[in-house]
Number of protein chains: 2
Amino acid sequence: MARLVSERSDAIMALAEVFRTHGFEGTTLSVITAQTKMGKGSLYHFFPGGKEEMAEAVLEEIGGWFENRVFKPLREDRNADAAIAKMFEAVDSYFRSGHRVCLVGAFALGRECERFEDQVRGYFKTWVADLEACLVRAGHKHIEARDLSEEVVGGIQGALVLARSLDQPAVFSRSLSRLKQRLEVKR
Amino acid sequence: MARLVSERSDAIMALAEVFRTHGFEGTTLSVITAQTKMGKGSLYHFFPGGKEEMAEAVLEEIGGWFENRVFKPLREDRNADAAIAKMFEAVDSYFRSGHRVCLVGAFALGRECERFEDQVRGYFKTWVADLEACLVRAGHKHIEARDLSEEVVGGIQGALVLARSLDQPAVFSRSLSRLKQRLEVKR
DNA sequence: CGCCAATTGTACTGATCAGTACATTGTGTA
DNA sequence: TACACAATGTACTGATCAGTACAATTGGCG
């Protein structure tokens with residue numbers, strides 16, 4: 001049944017929003033059923049492993065999205081500048097210009113960082129490495145490229161923290177353009 | 001009794017470590033009693049308001065530490081450069097060169113941001129504002145100072161996320177020196 | 001229609017949660 | 001020593017937790 005796949009992936013999108021809002025520990029089964037309108041029956045049918053499997057599926061979904069929209073372009077695009085521009089666009093749209101928070105970043109700060117170590121570490125490791133390689137292709141020196149990629153990936157995460165805490169999404173947008181500019185200027 | 005105050009403040013230090021490790025939702029009473037060696041009797045004696053009051057006390061303690069060691073110097077030190085140097089030193093020592101995470105930042109990304117809105121927002125708002133004012137005193141233009149202060153405070157938070165997720169404290173140290181240098185160069 | 005498997009609602013389970021009550025212990029002071 | 005009160009351990013409470021079992025329902029296909 002094709003329907004199964006599509007409904008499960010719908011569920012993952014809804015679950016992602018719940019986890020983003022409540023964190024892993026804060027996401028109780030009753031919160032999930034309330035917010036996704038899915039009963040326990042459906043949830044455990046699609047995710048027999050329970051909450052843990054749900055979170056894993058969500059992280060996988062997020063990883064896949066970034067792989068397609070950010071990491072792969074950074075690795076494969078002929079035009080490095082275009083790939084970087086694409087990255088900033090994708091990031092801005094994914095985080096809704098600062099209205100949305102990064103689940104992987106939130107997991108990184110908590111105990112979830114151990115439970116989902118591979119996925120959390122993989123996400124950031126890939127991002128930094130692919131951006132670094134792209135910057136090298138764009139003409140940066142290696143050490144400079146490493147520093148810049150850490151600065152940008154970290155800068156994005158920090159901007160999300162700041163924008164959320166101050167309730168000023170504009171802080172995120174400003175940071176993003178600053179980081180963008182930084183990659184252009186430094187060369 | 002003077003002893004009361006001192007024991008309560010000891011408890012706050014221990015609690016801070018627990019909340020940093022497990023997050024707010026993940027910090028159950030049983031985790032607290034296990035990690036702090038304090039029984040429920042003591043905990044509810046010092047914090048009749050329960051977990052919420054404990055977290056508030058911890059946030060207050062953190063806020064006080066940063067007020068004394070970071071914010072006040074930024075506001076009051078005659079020598080702006082010295083105040084900024086002091087800030088970086090304090091930050092590096094507080095976050096144990098990237099081995100420790102920022103509880104306020106973690107709260108900012110989760111639902112705790114609403115529950116402890118005042119303390120979380122106050123922390124970041126004060127930090128950015130005081131750093132900005134200090135940068136103006138150091139000779140920066142106003143808009144430039146605002147951008148730089150957001151960049152630095154956000155950059156620190158992002159560096160913590162990155163360092164933690166990659167399990168590479170060195171990432172934090174590198175970021176810190178980069179940010180430090182940035183405040184010197186730009187002028 | 002009628003069958004079968006996918007899907008879902010619901011009523012359970014035992015464990016654990018935050019918080020309370022209260023008796024017991026420790027300690028400074030008179 | 002004796003008293004008063006701070007500090008603490010322990011045994012409860014009802015609520016909620018994740019997860020299970022299973023019967024009822026659905027929807028596609030012959």
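Just so it is clear, the structure is predicted and the values come from calculations on it, not from any experiment. Residue numbers begin at 1 in each chain, while the letters A, B, ... track the order of the sequences.
The distance from atom CE of A:Met54 to atom C1' of D:dA18 is 9 Å, rounded to the nearest whole Å. In this structure, A:Glu53 atom CD and D:dG19 atom C1' are separated by 13 Å, rounded to whole Å. D:dA18 atom P lies 11 Å from atom CZ of A:Arg115, rounded to whole Å. Rounded to whole Å, the distance from CZ on B:Phe19 to P on C:dA18 is 10 Å. Regarding A:Glu7, its CD atom lies at a distance of 7 Å from the P atom of C:dT7, rounded to whole Å. Here the C1' atom of nucleotide C:dT13 and the NZ atom of A:Lys40 are 10 Å apart, to the nearest Å. In this entry the distance linking CG of B:Leu43 with P of C:dA21 reads 17 Å, nearest Å. Computed from coordinates, the A:Met38 CE to C:dG9 C1' distance equals 12 Å when rounded to whole Å.
At the heavy-atom level, A:Thr27 lies under 4.0 Å from the strands shown only through sugar-phosphate atoms.
For B:Tyr44, the listed nucleotide lying nearest its side chain is C:dG19; candidates were C:dG19, D:dA18, D:dT8. Nearest nucleotide to the side chain of B:His45, out of D:dA18, D:dT8, D:dA11: D:dT8. The side chain of A:Thr28 sits closest to D:dC17 out of C:dG19, D:dC17, D:dA7.
Looking at B:Val152 and B:Phe88, their side chains come closer than 4.5 Å, going by heavy atoms from C-beta outward. Side-chain atoms of B:Val161 and A:Phe124, non-hydrogen and from C-beta on, do get closer than 4.5 Å to each other.
The residues A:Arg115 and A:Glu56 are annotated as not salt-bridged, no charged nitrogen and carboxylate oxygen being separated by less than 4.0 angstrom.
Within the cation-pi definition used here (under 6.0 Å to the ring centroid, within 45° of the axis), B:Arg69 does not qualify as a partner of B:Tyr94.
For the pair A:Pro48 and A:Ser30, nearest-nucleotide mapping onto DNA chain D gives the more 5' position to A:Ser30.
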